[in-house]
Visitor: 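This structure is in structure tokens; I'll ask about it shortly.
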2 protein chains.
Amino acid sequence: MKVHLVHAHSESDSFVAAMRDTIIAAFTSRGDTVTVSDLYAMNFNPVSGPHDFGQRADPEHLTYALEQRHGFKTGTLAPDILAEIAKIQVADIVGFTFPLYWFGVPAILKGWIERVFISGTFYGGKRVYAKGGMAGKRAFSAFSLGGRDYMFGKDGIHGELAMGMMKGFFQGTLGYVGFTVHHPYIGYHVPYLPLEERQAALTDVAAYIETLEDQPVFTMPDVDDFGPSFEVKRG
Amino acid sequence: MKVHLVHAHSESDSFVAAMRDTIIAAFTSRGDTVTVSDLYAMNFNPVSGPHDFGQRADPEHLTYALEQRHGFKTGTLAPDILAEIAKIQVADIVGFTFPLYWFGVPAILKGWIERVFISGTFYGGKRVYAKGGMAGKRAFSAFSLGGRDYMFGKDGIHGELAMGMMKGFFQGTLGYVGFTVHHPYIGYHVPYLPLEERQAALTDVAAYIETLEDQPVFTMPDVDDFGPSFEVKRG
């Protein structure tokens with residue numbers, strides 16, 4: 001299998017970087033090939049805007065999604081965007097390693113999504129969820145946070161994490177473009193872990209990758225439950 | 001009242017820019033004073049990292065939240081961060097105008113939050129939600145999207161929007177740091193609106209601001225319902 005990993009942490013001695021290296025080793029030992037977009041190391045520009053387009057369908061008024069389609073068709077999208085799209089297109093599995101910031105992905109990763117998950121190729125019109133452009137590919141993620149596991153879930157102070165606080169990422173982004181989305185590996189309380197617990201967590205990360213096919217996946221909305229413009233069907 | 005508006009759209013002829021101008025006019029005509037952080041116009045850097053700190057408490061290993069506290073105490077945080085914090089500290093009301101990207105705030109605004117909402121000043125330890133650093137201030141937002149209103153809510157294909165897809169922003173960010181968080185103004189289907197409907201929407205934005213005190217607010221978790229480390233109380 002071909003795996004592409006998108007990594008978003010500034011520090012090479014971080015737990016997230018150790019997760020990245022553990023994940024690469026676990027896939028490699030299975031015989032899979034792994035490529036990495038290390039967003040901080042690449043100095044990736046996360047700001048979406050008119051600079052993303054070398055040539056405009058409408059030079060007067062910017063409609064971002066329409067220019068994405070035009071830019072991809074004409075090959076005039078910014079080269080850094082085209083390079084990232086090419087990596088995703090050849091991958092069977094796409095993974096994300098990051099620290100949780102404000103119950104979401106870091107800005108540098110959020111902007112990577114905005115610029116790379118272009119209209120037309122990743123989604124479009126009625127082609128979302130199971131009909132999205134990434135249908136047939138799988139996505140996973142491994143992230144760290146300071147909080148403890150009991151703070152989340154139905155009874156926790158913050159409620160559900162992945163499909164609660166982070167629903168915009170797991171459903172609204174990864175599921176929306178068609179990925180089969182595995183439950184994430186979550187490293188709780190990372191800044192406060194003693195070294196042996198940090199090592200144990202990395203062993204868990206390796207096991208998560210080794211058994212990725214068996215990891216549960218999130219249920220996404222079924223577009224066929226809705227009308228042709230996604231209107232609610234009245235029974 | 002002092003209002004600070006954080007604006008995140010690259011285009012000066014956008015609906016979001018028109019919302020910003022409508023909001024400024026509505027507050028000004030009430031006698032309130034409005035300041036604006038126009039993130040694209042400021043070329044605001046949304047990437048959080050070691051460059052945020054002029055002087056480090058720990059030069060070896062970066063713990064971002066701890067360095068935020070150290071940097072604020074010593075006045076060595078990056079000047080662009082200190083300038084934004086100062087604007088928020090004097091404001092009674094903080095507002096956000098942006099286009100919805102991937103069911104969340106644009107990366108340039110996500111990174112503004114990561115760099116500006118510093119540990120210690122905005123939250124810390126047990127000081128979250130009603131005990132957060134922004135307690136006593138109010139927050140509002142006005143955003144645009146392409147989708148239609150029937151796609152959201154309990155029966156819609158994407159589920160709830162503000163406290164569903166965007167829960168990480170409304171609860172996990174604004175509520176978490178203590179703001180009283182008003183329901184947002186949501187401009188649905190904006191790229192496809194005929195001019196007269198766009199004008200009508202701006203009239204609604206003005207009315208939203210004129211009646212802001214009466215706009216409903218989101219209910220946040222009550223920290224007193226949980227134990228001293230936010231553990232779930234067993235009945």
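Numbers restart at 1 for each chain; the letters A, B, ... are given by sequence-line order, proteins then strands.
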Visitor: Report yes or no: does Lys110(A) contribute a side-chain atom to a donor-acceptor pair with the main-chain N or O of Tyr101(B) at less than 3.5 Å?
Guide: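 Pair found, side chain donor or acceptor close to backbone of Tyr101(B).
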Visitor: Applying side chain to side chain contact (heavy atoms under 4.5 Å, CB included), run through Val177(A) and Trp102(B) and close with a yes or a no.
Guide: CA-CA 10 Å; Val177(A) 300; Trp102(B) 295 100; 3.5 Å; yes
Visitor: Identify the heavy atoms of Ile157(A) and Pro221(B) that sit nearest to each other, and give their distance.
Guide: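 Residues Ile157(A) and Pro221(B), closest heavy atoms: O-CG, 3.2 Å.
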Visitor: Can you confirm whether Asp58(A) is buried at CG, in the sense that more than 12 heavy atoms of other residues, nucleotides or ligands lie under 6.0 Å from that atom?
Guide: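 Yes, the 6.0 Å shell around CG holds more than 12 heavy atoms from other groups.
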Visitor: With a 6.0 Å cut-off on ring centres, are Tyr129(A) and His158(B) close enough?
Guide: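 Ring centres of His158(B) and Tyr129(A) closer than 6.0 Å.
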Visitor: Under 4.5 Å from any heavy atom of chain B, what part of Phe170(A) do you find: side chain, backbone, both or neither?
Guide: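 Neither the backbone nor the side chain of Phe170(A) comes within 4.5 Å of chain B.
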Visitor: Please classify the contact between Glu231(A) and chain B as side chain, backbone, both or neither, with a heavy-atom cut-off of under 4.5 Å.
Guide: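 Contact with chain B is through both the backbone and side chain of Glu231(A).
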Visitor: For the residue pair Phe226(A) and Asp155(B), what are the closest heavy atoms and their distance?
Guide: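 It is CE2-O, 3.4 Å.
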Visitor: Name the region of Phe15(B), side chain, backbone, both or neither, that has any atom closer than 4.5 Å to a heavy atom of chain A.
Guide: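 Neither; nothing under 4.5 Å.
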Visitor: Measure Phe122(A) against the heavy atoms of chain B and call it side chain, backbone, both or neither at under 4.5 Å.
Guide: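 Nothing of Phe122(A), per the 4.5 Å heavy-atom cut-off to chain B.
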Visitor: Give a yes or no answer on whether the side chain of Gln171(B) reaches the backbone of Met165(A) with a donor-acceptor pair at less than 3.5 Å.
Guide: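 It does not hold such a pair.
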Visitor: Looking at the rings of Phe169(A) and Phe103(B), which for Trp means the six-membered one, are their centres under 6.0 Å apart?
Guide: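 They do not qualify: ring centres at least 6.0 Å apart.
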Visitor: Given that the side chain runs from C-beta out, which part of Pro106(A) has a heavy atom under 4.5 Å from chain B: side chain, backbone, both or neither?
Guide: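 Contact with chain B: backbone and side chain both.
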Visitor: Taking atom NZ of Lys167(A) and atom CD of Glu160(B), what is their separation to the nearest 0.5 Å?
Guide: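 Going from the NZ atom of Lys167(A) to the CD atom of Glu160(B) covers 8.0 Å.
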Visitor: Using modelled atom types only, decide if a donor and an acceptor are shared between the side chain of Glu114(A) and the backbone of Ala107(B) within a distance under 3.5 Å.
Guide: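 The answer is yes, because a donor-acceptor pair under 3.5 Å joins these two groups.
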Visitor: Where is the tightest heavy-atom contact between Ser10(A) and Gly49(B), given as atom of each residue plus distance?
Guide: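 Distance-wise, the nearest heavy atoms are OG-CA, 4.3 Å.
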